[in-house]
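Below is one structure; the comments refer to it alone.
No hydrogens, no waters, no symmetry mates; every other heavy atom, side chains included, goes into these values. Chain A is the first sequence line, chain B the second, and so forth, proteins listed ahead of strands; every chain is numbered from 1.
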Number of protein chains: 2
Amino acid sequence: MSQTVDRALSILPLLAEGPADLGQVADRLGVHKSTALRLLRTLHEHGLVYRQSDQRYRLGARLFALAQEAMENLDIREIAHPHLARLNERCGHTVHLAVHEEGEVLYIDKVESRYPVRMYSRIGKPVAITVAAVAKLLLADLPEGERRAVAEKLDYPLYTARSTPNAPAFLRELEKVREQGWATDLGGHEESINCVAAPIRGADGRVVAAMSVSAPNVVVTADELLTLLPLVRRTADTISGEYSGRTPIKEAPEG
Amino acid sequence: MSQTVDRALSILPLLAEGPADLGQVADRLGVHKSTALRLLRTLHEHGLVYRQSDQRYRLGARLFALAQEAMENLDIREIAHPHLARLNERCGHTVHLAVHEEGEVLYIDKVESRYPVRMYSRIGKPVAITVAAVAKLLLADLPEGERRAVAEKLDYPLYTARSTPNAPAFLRELEKVREQGWATDLGGHEESINCVAAPIRGADGRVVAAMSVSAPNVVVTADELLTLLPLVRRTADTISGEYSGRTPIKEAPEG
DNA sequence: CAGGAGCGTTGCAACAACTGCAACGTCCAT
DNA sequence: ATGGACGTTGCAGTTGTTGCAACGCTCCTG
């Protein structure tokens, strides 16, 4: 809508790929060097880009700080965190909290496993949307049309032999998840890692977030992990209750 | 430099404080609602802001993804990480990596303590610049004039009785750190937490990053923590070697 | 050591894009 | 039913943005 801002913001993903100099930025933006310079300067003043010693530009520190601050202000996160921590204390495994936003699903909180073997994930990182248990829950709640549209547009990378292979399979899986009210990822992302997940709902019943417990095969089998399902669902429901305002927020013992 | 972009970017920190509606944004920007609307729309198209169900705006998912991507492209981080992990395996304590950027010092990597008691910190979070050991190292390396300018502009919050109280004290501390080539924070940020830190230098000898080991009193005393100093310094030197290209990057055993 | 290429930077005039206004639509509360 | 609050849109004025050309600088080369 605003050309100038549009151009300026287009610089960010460009720099995310790696540092670039003025000429490169101007070229890829399709504008004159002087224009690119002024845009970069403005971004610089706001700390979004940083000029390293070799004069090239890269993304700046304030970007991290902003993402950080925004993350900490998410109310679901704040409400959910103590429950995630308590769940982690009980079962010892990695606990994740994720939300859906315009085509992406991303982790917004994580409590690390107490076992030495940990899985790779990072808060803020978009999740493997076609296989992750939390992603299935979040997408399964979309209205039919949207769900189909999203499914068609996705890529279906075969992380493992058990990854969701294509859109029809994904839609079937979403349908199943929608009906049963919980989801799993059994080695669909990493061969040896399984997850069970449950939805967190707002006052209107819509899924606003999803949480999961993940553990590698070497620690517990998939079947053993599934025995945690009731606990995970209870925790999610408790969080739903607080989030939707039904439960007065107190030191609620759960389960 | 560019008014339009400047205004648009000013929206981001504003939204970082919490969600806001169109009117609030327009007011705080000092522009007409319609102008604010168009700026927000542009930010929205780029995924930097998100419109939640109550129509209010908040920071968007792409911001996290960008911060994430930028983080992973930092070469110091990539080079340093295995060394930080190895150091953590040896001593068991929390290990941090931090860089300085335009007045802020922020953590860009962290390996968690293996002890149950952990300290609060988060990757991407700006550090307590007046007391943190890594911050002292990074600022101590600035040229005299800049160092003084920075010191004058800072706030000196008294986190504890041992926090750096004011600019002169800070400058003295920086001078000391500069001479000895390492730094500590003994309860200056949190009463019971101590850190030892060492600088990582680029090919030109300038400090490009700093790393630290932190542990609470209840696990090890300050004196015990200080016995780790040689190990920390060796690790930092090894990373310096790789970063500056002096050491061919291989599975370098350190110590 | 001089010459040239490459890059970032600045002042300026032309113009496109941005701004603020006012009017409209919608939703919610009274 | 009615008023108010809020988001949204088309429009005309003009401000802010653009691309150009020229300059300064550094680095490399003959």
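B:Arg148 and B:Glu144 are joined by a salt bridge, as a carboxylate oxygen and a charged side-chain nitrogen come within less than 4.0 angstrom of each other.
With hydrogens and angles ignored, the 3.5 Å screen pairs no side-chain donor or acceptor of B:Asp155 with any backbone N or O of B:Pro157.
Across B:Arg58, B:Arg51, B:Arg62, a single residue satisfies salt bridge (Lys or Arg N to Asp or Glu O under 4.0 Å) together with A:Glu101, and that is B:Arg58.
Between the CE atom of A:Met1 and the P atom of D:dG10 there is a distance of 10 Å, given to the nearest Å. The separation between B:Leu29 atom CG and C:dT19 atom C1' is 13 Å, rounded to whole Å. As rounded to whole Å, 15 Å separates atom P of D:dC6 from atom CG of B:Leu40. As a whole-Å value, the separation of A:Leu37 CG from D:dC20 C1' is 15 Å. In this structure, the CD atom of A:Gln24 is 14 Å from the C1' atom of C:dG8, given to the nearest Å. For A:Gln3 and D:dT18, the CD to P distance is 6 Å, given to the nearest whole Å. Atom-to-atom, NE2 of A:His32 to P of C:dT9 comes out at 14 Å; the value is rounded to the nearest Å. Rounded to an integer number of Å, the gap from A:Leu43 CG to D:dT17 P is 13 Å.
Comparing B:Lys33 and B:Leu39 by the nucleotide of DNA chain C that holds the closest heavy atom to each, the one mapping nearer the 5' end is B:Leu39.
Set against C:dT9, C:dT19, D:dG7, the side chain of B:Arg38 has C:dT19 as its closest nucleotide. Side-chain atoms of B:Leu22 lie closest to D:dT8 of the nucleotides C:dT19, C:dT10, D:dT8.
An OP1 or OP2 oxygen of C:dC18 is reached within less than 4.0 angstrom by a side-chain nitrogen or oxygen of A:Ser2. A sub-4.0 Å separation between OP1 or OP2 of C:dA16 and a side-chain N or O of A:Arg7 is absent. In terms of phosphate contacts, B:Thr4 brings no side-chain nitrogen or oxygen within less than 4.0 Å of OP1 or OP2 of C:dC18. OP1 and OP2 of C:dG20 both lie 4.0 Å or more from every side-chain N or O belonging to B:Ser34.
With rounding to the nearest 0.5 Å, the separation of CG in B:Leu15 from OH in B:Tyr57 is 9.5 Å.
Nucleic acid contact class of A:Arg56 (heavy atoms, under 4.0 Å, all strands): none. Residue A:Arg51 is in sugar-phosphate contact alone, with no base atom involved, counting any heavy-atom pair closer than 4.0 Å across all strands shown.
Between B:Tyr107 and B:His96, the ring-plane angle classifies as parallel under the 30° and 60° cut-offs.
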